[in-house]
Amino acid sequence: MRTLATLTLALTLAAPALADDGEPPSTGLSVFVSADAYRAARNAASFYDGSPSSPNTILRILHSETYGTQIWSSLKNAGLITDAIGNYNNLTIAEYPDAIDYRISYQIGLGIRYDYPSRFGWLLRANLAKLQAQGTFNLSTDNGTGILGSTQYIPCGILGKEDRISLDLALTRTFPLSRNLELELDLGASLLNTKVRDNLIEIAGSTYSILDRWNGLSPSSTTGEYDYINQGRIGYGIFTSLLIGYRVSGIGALRLCYTLGHARITFADRQCWGWQHTLGIRAEINNFSFL
């Protein structure tokens, strides 16, 4: 929060030093599209670590009647374990992911803005971000024997898939730099809806979903599979954007944009505050005034 306030204050104080020698400011309504690289806060990625405290646990699948034997057979066929591991109940988790993190992903947006002759304005934008969280956990045995290789661990991958839909409302202020170039500062608030799409593990080349569709029970021949209910919830945050724009009078503008946001990402069992970063372009595809 303090970082956002400091950045906003610094740019506001610097505004009088910018020469107002550009073309007359654009006014009226514009529509725009945006495309960004998205860097999500790492702390929310722990939701996908498969630990016993998570809604989606690795052990629920690993020790299940439905998947346990299949996993055990895959490990044996891949030459990763010996007959010293009698069945899937002898498999355990030595280490859960301690470095699970979001990959740099992408976000697309569509919005409208309205500019006044004073160079102030506002914008409303809807965004969709596709995120993946990735990490590694170590498989072991309850007796410490039966695993082939130099260590008593089998590294396995874990992956979370997530959609974030956000609605942004912001105040804008542009400052002319030259005839066609201008600096823009946006300051606003967001509503975010998180949708958990999947939580996957990879063991011996095979992939399994650990997303809870069994109401917390272990999947078996007597356990019914339920319709999945989204484990994400509504969150909120604030953001500030700094843009450099090239404006074509009467047509629109192309802007390079960096956004720093601080948001609360909410899941069914936890809430995570963190910093979000995006870097991308915003193209105003039309620019017109109300009649």
Side-chain angles (χ1 to χ4, degrees), residues 1-36 38-39 41 107-129 164-178 180-193 234-249 251-265 273-290:
M1 300 286 188
R2 187 173 299 174
T3 302
L4 291 175
T6 302
L7 178 59
T8 302
L9 179 60
L11 289 172
T12 301
L13 292 176
L18 298 174
D20 194 7
D21 58 358
E23 292 185 341
S26 297
T27 58
L29 187 68
S30 301
V31 296
F32 62 86
V33 294
S34 60
D36 307 282
Y38 190 101
R39 184 71 171 90
Q107 175 180 269
I108 55 175
L110 177 66
I112 60 173
R113 62 181 289 161
Y114 193 86
D115 292 283
Y116 299 96
S118 62
R119 294 192 178 274
F120 281 96
W122 55 264
L123 66 81
L124 181 66
R125 175 181 58 221
N127 305 297
L128 171 63
R164 288 187 192 174
I165 299 173
S166 59
L167 186 64
D168 299 338
L169 178 63
L171 296 176
T172 69
R173 176 68 160 93
T174 58
F175 309 97
L177 299 177
S178 66
N180 296 103
L181 290 177
E182 61 186 13
L183 179 71
E184 180 180 329
L185 174 67
D186 300 344
L187 183 63
S190 301
L191 281 177
L192 303 99
N193 180 39
I234 300 293
Y236 56 86
I238 60 174
F239 68 91
T240 186
S241 300
L242 185 63
L243 304 93
I244 297 292
Y246 181 82
R247 186 162 61 89
V248 180
S249 180
I251 298 177
L254 186 66
R255 306 180 192 273
L256 178 65
C257 176
Y258 167 72
T259 298
L260 173 66
H262 195 232
R264 188 183 78 165
I265 306 303
W273 280 97
W275 295 99
Q276 324 290 333
H277 305 266
T278 65
L279 178 65
I281 57 174
R282 182 191 300 176
E284 295 174 3
I285 58 176
N286 196 12
N287 200 324
F288 53 91
S289 300
F290 287 117

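Looking at every heavy atom in both residues, Ile265 comes nearest to Leu192 through CD1-CD2, 4.2 Å. Considering every non-hydrogen atom in both Ala41 and Gln276, the closest pair reads N-OE1, 3.1 Å.
Here Phe239 and Trp275 keep their ring centres 6.0 angstrom or further from each other.
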Test log, rule side chain to side chain contact (heavy atoms under 4.5 Å, CB included), inputs Tyr246 and Val248: CA-CA 7 Å; Tyr246 181 82; Val248 180; 3.9 Å; yes
Apply the test side chain to side chain contact (heavy atoms under 4.5 Å, CB included) to residues Tyr258 and Thr240: give CA-CA distance (whole Å), side-chain angles for both, the deciding distance (0.1 Å), then the verdict. CA-CA 9 Å; Tyr258 167 72; Thr240 186; over 6 Å; no
Evaluation steps, side chain to side chain contact (heavy atoms under 4.5 Å, CB included), between Leu167 and Leu124: CA-CA 7 Å; Leu167 186 64; Leu124 181 66; 4.1 Å; yes
Using the side chain to side chain contact (heavy atoms under 4.5 Å, CB included) rule, take Leu243 and Thr174 through it: C-alpha gap first, then chi angles, then the decisive distance, then the call. CA-CA 9 Å; Leu243 304 93; Thr174 58; over 6 Å; no
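Scanning for salt bridge (charged side-chain N to carboxylate O under 4.0 Å, His left out) contacts around Arg255 gives Glu182, Glu184, Glu284, with sequence neighbours left out. For Ala283, the side chain to side chain contact (heavy atoms under 4.5 Å, CB included) partners two or more places apart in sequence, or in a different chain, are Val33, Leu254. Every residue meeting the side chain to side chain contact (heavy atoms under 4.5 Å, CB included) condition with Asn127, not counting sequence neighbours, appears here in chain and number order: Ser34, Gln107, Arg125, Ser166, Asp168.
Atom-to-atom distance recorded for Asp36:CG and Leu279:CG is 7.5 Å, nearest 0.5 angstrom. Taken to the nearest 0.5 Å, the OG atom of Ser190 stands 12.5 Å off from the NE2 atom of His262. Taking CD1 of Ile281 as the start and SG of Cys257 as the end, the distance is 10.5 Å to the nearest 0.5 Å. The CZ atom of Arg119 lies 11.0 Å from the CG atom of Leu183; values are rounded to the nearest 0.5 Å.
Applying side chain to side chain donor-acceptor pair (under 3.5 Å) to Asp186 and the options Arg113, Arg282, Arg173 leaves one that passes, Arg282.
Note: Tyr236 and Trp273 have perpendicular aromatic rings, judged against thresholds of 30 and 60 degrees for the angle between ring planes.
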